[in-house]
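Heavy atoms only: backbone and side chains are in, while hydrogens, waters and symmetry mates are out.
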Amino acid sequence: QVQLVESGGGLVQAGGSLRLSCAASGRSFGGYDMGWFRQAPGKEREFVAAIKWSGRSTYFIDPVKGRFTISRDNAKNTVYLQINSLKPEDTAVYYCNRLVGEMEMGNAFDAWGQGTLVTVSS
């Protein structure tokens with residue numbers, strides 16, 4: 001199992017930016033595709049973005065395309081989510097996870113971490 005610790009969330013005004021980090025411990029995630037998910041208040045968790053194990057391919061859901069960037073540093077066992085042009089509808093707890101199967105399907109593999117809260121004020 002891998003333990004996942006997300007950080008970097010906070011309260012920002014609409015239009016602002018944040019960089020989220022997800023650090024994995026317990027086992028290297030270098031050979032796994034990684035994904036970011038989010039859960040808005042009162043809603044189910046949704047898959048947001050993914051990055052191939054090599055870092056050479058990424059995937060984003062339509063609402064975040066052009067605003068979110070995903071990257072990883074396998075040597076540091078860390079994956080990042082750069083969020084720009086934040087909107088109030090981006091308010092959610094953000095989680096990361098290893099992925100299994102096709103990257104675009106967003107099938108999470110590990111137990112969820114505590115997530116990091118992003119709150120966007122209008």
> Between Phe37 and Trp112, what is the ring plane arrangement, given parallel below 30°, perpendicular above 60°, and tilted in between?
Replying inline: perpendicular
> Glu46 versus Gln39: any side-chain heavy-atom pair under 4.5 Å?
Replying inline: no
> Which value, rounded to the nearest 0.5 Å, describes the distance between Ile83 atom CD1 and Ser17 atom OG?
Replying inline: 9.0 Å
>> Go through it in stages, so that I can follow the logic: the residues are Met34 and Arg98, the test is side chain to side chain contact (heavy atoms under 4.5 Å, CB included), and I'd like the CA-CA distance, side-chain angles, deciding distance and then a yes or no.
In response: CA-CA 5 Å; Met34 292 294 296; Arg98 288 190 293 178; 3.4 Å; yes
>> Could you report the tightest heavy-atom contact between Ala14 and Ser122, atom names first, then the distance?
In response: CB-CA, 4.4 Å
> Mind checking whether Val5 and Val48 sit in one hydrophobic cluster, side chains of I, L, V, M, F, W, Y counted as touching below 4.5 Å?
Replying inline: no
> Should Tyr80 and Leu4 be regarded as members of a common hydrophobic cluster, given that ILVMFWY residues are connected when their side-chain heavy atoms come within less than 4.5 Å of each other, either directly or indirectly?
Replying inline: no
>> Going by side-chain hydrogen bond (donor to acceptor under 3.5 Å, both in side chains), name the residues that satisfy it together with Gln82, two or more places apart in sequence or in a different chain.
In response: Asn84
>> If the test is side-chain contact (heavy atoms from CB on, under 4.5 Å), which one of Val118, Thr116, Leu117 qualifies with Val93?
In response: Leu117
> At what distance, to the nearest 0.5 angstrom, does CG of Leu99 lie from CE of Met105?
Replying inline: 11.0 Å
> Which atoms form the tightest heavy-atom contact between Ala49 and Phe60, and what is the distance?
Replying inline: CB-CD2, 3.5 Å
>> Please enumerate all residues that pass side chain to side chain contact (heavy atoms under 4.5 Å, CB included) together with Val100, with sequence neighbours excluded.
In response: Asn107, Phe109
> Between atom CG of Leu18 and atom OH of Tyr94, what is the distance when rounded to the nearest 0.5 Å?
Replying inline: 9.0 Å
> Is a side-chain N or O of Gln114 found less than 3.5 angstrom from the main chain of Glu6, in a donor-acceptor match?
Replying inline: yes
Show me the donor-acceptor pairs, under 3.5 Å and distance only, between side chains in residues 61-75 and residues at least two apart or in other chains.
residue : atom : partner : partner atom : Å
Asp62   : OD1  : Lys65   : NZ           : 3.0
Arg67   : NH1  : Ser85   : O            : 3.0
Arg67   : NH1  : Asp90   : OD2          : 2.7
Arg67   : NH2  : Pro63   : O            : 3.1
Arg67   : NH2  : Asp90   : OD1          : 3.0
Arg67   : NH2  : Asp90   : OD2          : 3.4
Arg72   : NE   : Asn74   : OD1          : 2.7
Arg72   : NH1  : Tyr32   : O            : 2.8
Arg72   : NH1  : Lys52   : O            : 3.1
Arg72   : NH2  : Phe29   : O            : 3.0
Arg72   : NH2  : Tyr32   : O            : 2.9
Arg72   : NH2  : Asn74   : OD1          : 3.1
Asp73   : OD1  : Ala75   : N            : 3.1
Asp73   : OD1  : Lys76   : N            : 3.3
Asn74   : ND2  : Trp53   : O            : 3.1

> Is a side-chain donor or acceptor of Thr91 paired with a backbone partner of Val120 at a separation under 3.5 angstrom?
Replying inline: yes
